[in-house]
Amino acid sequence: MPTILGQNQYGKAENRVVKITRDGATHHIKDLNVSVALSGDMDEVHYSGSNANVLPTDTTKNTVFAFAKEHGIESAEQFGIHLARHFVTSQEPIQTARIRIEEYSWERIAASDANSQFIGADEVKHSFVRKGQETRLTQITYDGSSWEVVSGLKDLTVMNSTNSEFWGYVKDKYTTLQEAYDRILATSVSARWRFNWTDDEQRMPNWEKSYEQTRKHMLQAFAETYSLSLQQTLYQMGSRIINNRSEIDEVRFSLPNKHHFLVDLEPFGLKNDNEVYFAADRPYGLIEATILRDGCEPKIPVDLTNL
């Protein structure tokens, strides 16, 4: 045979599932985008077209929705673990399941005092507005014996309006950038972190608390670091997570530098004292790095788009 089959997987991508939990008049929302990828003994379906080992992708879709009812959605990670375990243990040809989940957050809408005369401000517990701060992410991979859980976020836009400098860099004949001793530092954070929970015998992390605390340490480090470079800030963000969250061994960041340039107002007879900026969306510097717990090997892909 002149060709052979290489790595392959299949599944149903981007299953949008919204789970409403009704606690009396108080409702809770979990809004997920779930993608399932399965691999294993699938040679024949490629070589001869035999579907004898194929669990239909439509079945994987149905499983996502059924599990939302049967197991609930405590967290994106826990839901993905339920799914991965089910596919690997229930179907002999399936040897590895990879579940990718995006989670979209909602927050409650506060009622006005004027509205309270009709329904009572303290009774509005079912109206929500979609948060626009970031999208939560997780990827769960299970091969029947060990787990890999990589969680993270994207599109978390942050800014420091001062306490940032950039100077002392290499200059050549093409350099026009002026040194900055007080600049805006802004970025849209894309981050992934890998948990050291890999075995059912280990104590499982509290996924919700872990995400909340990891995000908190990341933001605090960004705010509290007097930055001489975005690289320095990135390292402080990752170090703060590793030093405060024992369940995490590795963090990978991809940080576009959202440049803000001072506008020249002298032609109008005006002095620009670090007040008016032009926000440039492209081209942008892209700063990427991995921060590891000492003694750990990197496993998160260098290119986060490969996750």
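Reckoned from all heavy atoms, side chains included, excluding hydrogens, waters and symmetry mates. In this text, all values refer to a predicted model and were calculated from it rather than measured experimentally.
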Should the heavy atoms of other residues, nucleotides or ligands under 6.0 Å from [atom1] of [X] be counted, would the total exceed 12?
X: E288; atom1: CD; value: yes
X: E266; atom1: CD; value: no
X: Y284; atom1: OH; value: no
X: D294; atom1: CG; value: no
X: Y235; atom1: OH; value: no
X: Q7; atom1: CD; value: yes
X: K216; atom1: NZ; value: yes

Practice item. Decide side-chain contact (heavy atoms from CB on, under 4.5 Å) for R108 and T26; before the verdict, give the C-alpha distance in whole Å, the side-chain angles of both, and the deciding distance to 0.1 Å. Key: CA-CA 10 Å; R108 300 184 189 282; T26 302; 3.5 Å; yes
Under 3.5 Å: donor-acceptor pair, side chain of [X], backbone of [Y]:
X: N8; Y: G6; value: yes
X: Y10; Y: L55; value: yes
X: N15; Y: V34; value: yes
X: N53; Y: P93; value: no
X: E247; Y: S210; value: no
X: R16; Y: L32; value: yes
X: H259; Y: G285; value: yes
X: D143; Y: S146; value: yes
X: Q78; Y: S75; value: no
X: K171; Y: Y169; value: yes

Review point. If we ignore angles and hydrogens, is there a donor and acceptor under 3.5 Å between the side chains of T175 and D172?
Key: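 Side-chain D/A pair, T175 to D172: present.
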Review point. Are a donor atom and an acceptor atom from the side chains of T225 and T233 found within less than 3.5 Å of each other?
Key: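 On atom types as modelled, these side chains do not qualify, holding no pair under 3.5 Å.
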Examine [X] and [Y] and state if one hydrophobic cluster contains both, with Ile, Leu, Val, Met, Phe, Trp and Tyr joined whenever side-chain heavy atoms are less than 4.5 Å apart.
X: F253; Y: L219; result: yes
X: L137; Y: L83; result: no
X: L228; Y: M237; result: no
X: V263; Y: Y277; result: no
X: I99; Y: I300; result: no

Roughly how far apart are [X] [atom1] and [Y] [atom2], rounded to 0.5 Å?
X: T59; Y: K61; atom1: OG1; atom2: NZ; result: 9.0 Å
X: T198; Y: Y142; atom1: OG1; atom2: OH; result: 11.5 Å
X: S188; Y: E134; atom1: OG; atom2: CD; result: 10.0 Å
X: R293; Y: I248; atom1: CZ; atom2: CD1; result: 8.5 Å
X: I291; Y: E250; atom1: CD1; atom2: CD; result: 9.5 Å
X: R245; Y: N196; atom1: CZ; atom2: CG; result: 11.0 Å

Practice item. For this output row, return yes or no: ring centroids of W147 and F195 closer than 6.0 angstrom. Key: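 Distance test on ring centres: not under 6.0 Å, no.
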Could you tell me whether the side chain of [Y] reaches within less than 4.5 Å of the side chain of [X], counting heavy atoms only?
X: L255; Y: N257; value: no
X: R100; Y: E14; value: no
X: Q133; Y: R215; value: yes
X: H260; Y: R183; value: no
X: T187; Y: P256; value: yes
X: D264; Y: N272; value: no
X: W197; Y: W207; value: yes
X: L185; Y: F166; value: no

**Study point:** side-chain contact (heavy atoms from CB on, under 4.5 Å) between E102 and K154, intermediate numbers included
**Key:** CA-CA 10 Å; E102 296 182 342; K154 65 178 181 179; 3.0 Å; yes
I need the minimum non-hydrogen distance between [X] and [Y], along with the two atoms involved.
X: I73; Y: K30; value: O-CG, 3.5 Å
X: A221; Y: R240; value: CA-NH2, 3.6 Å
X: A191; Y: M218; value: CB-CE, 4.2 Å
X: I140; Y: E77; value: CD1-O, 3.9 Å
X: Y47; Y: L5; value: OH-N, 3.0 Å
X: S227; Y: L230; value: OG-N, 4.1 Å

Exercise for review: Could you go through the salt bridge (Lys or Arg N to Asp or Glu O under 4.0 Å) check for R194 and E148 one step at a time?
Suggested key: CA-CA 8 Å; R194 179 174 54 83; E148 182 182 78; 5.1 Å; no
Check your understanding: Looking at T138, L153, V150, which one forms a side-chain contact (heavy atoms from CB on, under 4.5 Å) with R192?
Key ->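 Only match with R192 under side-chain contact (heavy atoms from CB on, under 4.5 Å): V150.
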Practice item. List the steps, then state whether side chain to side chain donor-acceptor pair (under 3.5 Å) holds for N33 with S35. Key: CA-CA 7 Å; N33 187 18; S35 293; 5.2 Å; no
Exercise for review: Decide side chain to side chain donor-acceptor pair (under 3.5 Å) for R98 and T141; before the verdict, give the C-alpha distance in whole Å, the side-chain angles of both, and the deciding distance to 0.1 Å.
Suggested key: CA-CA 4 Å; R98 188 200 69 200; T141 305; 5.8 Å; no
Exercise for review: Could you go through the side-chain contact (heavy atoms from CB on, under 4.5 Å) check for L304 and R252 one step at a time?
Suggested key: CA-CA 8 Å; L304 292 184; R252 176 79 182 171; 3.4 Å; yes
**Study point:** Worked check of salt bridge (Lys or Arg N to Asp or Glu O under 4.0 Å) between E208 and R136
**Key:** CA-CA 11 Å; E208 294 292 274; R136 179 174 169 178; 2.8 Å; yes
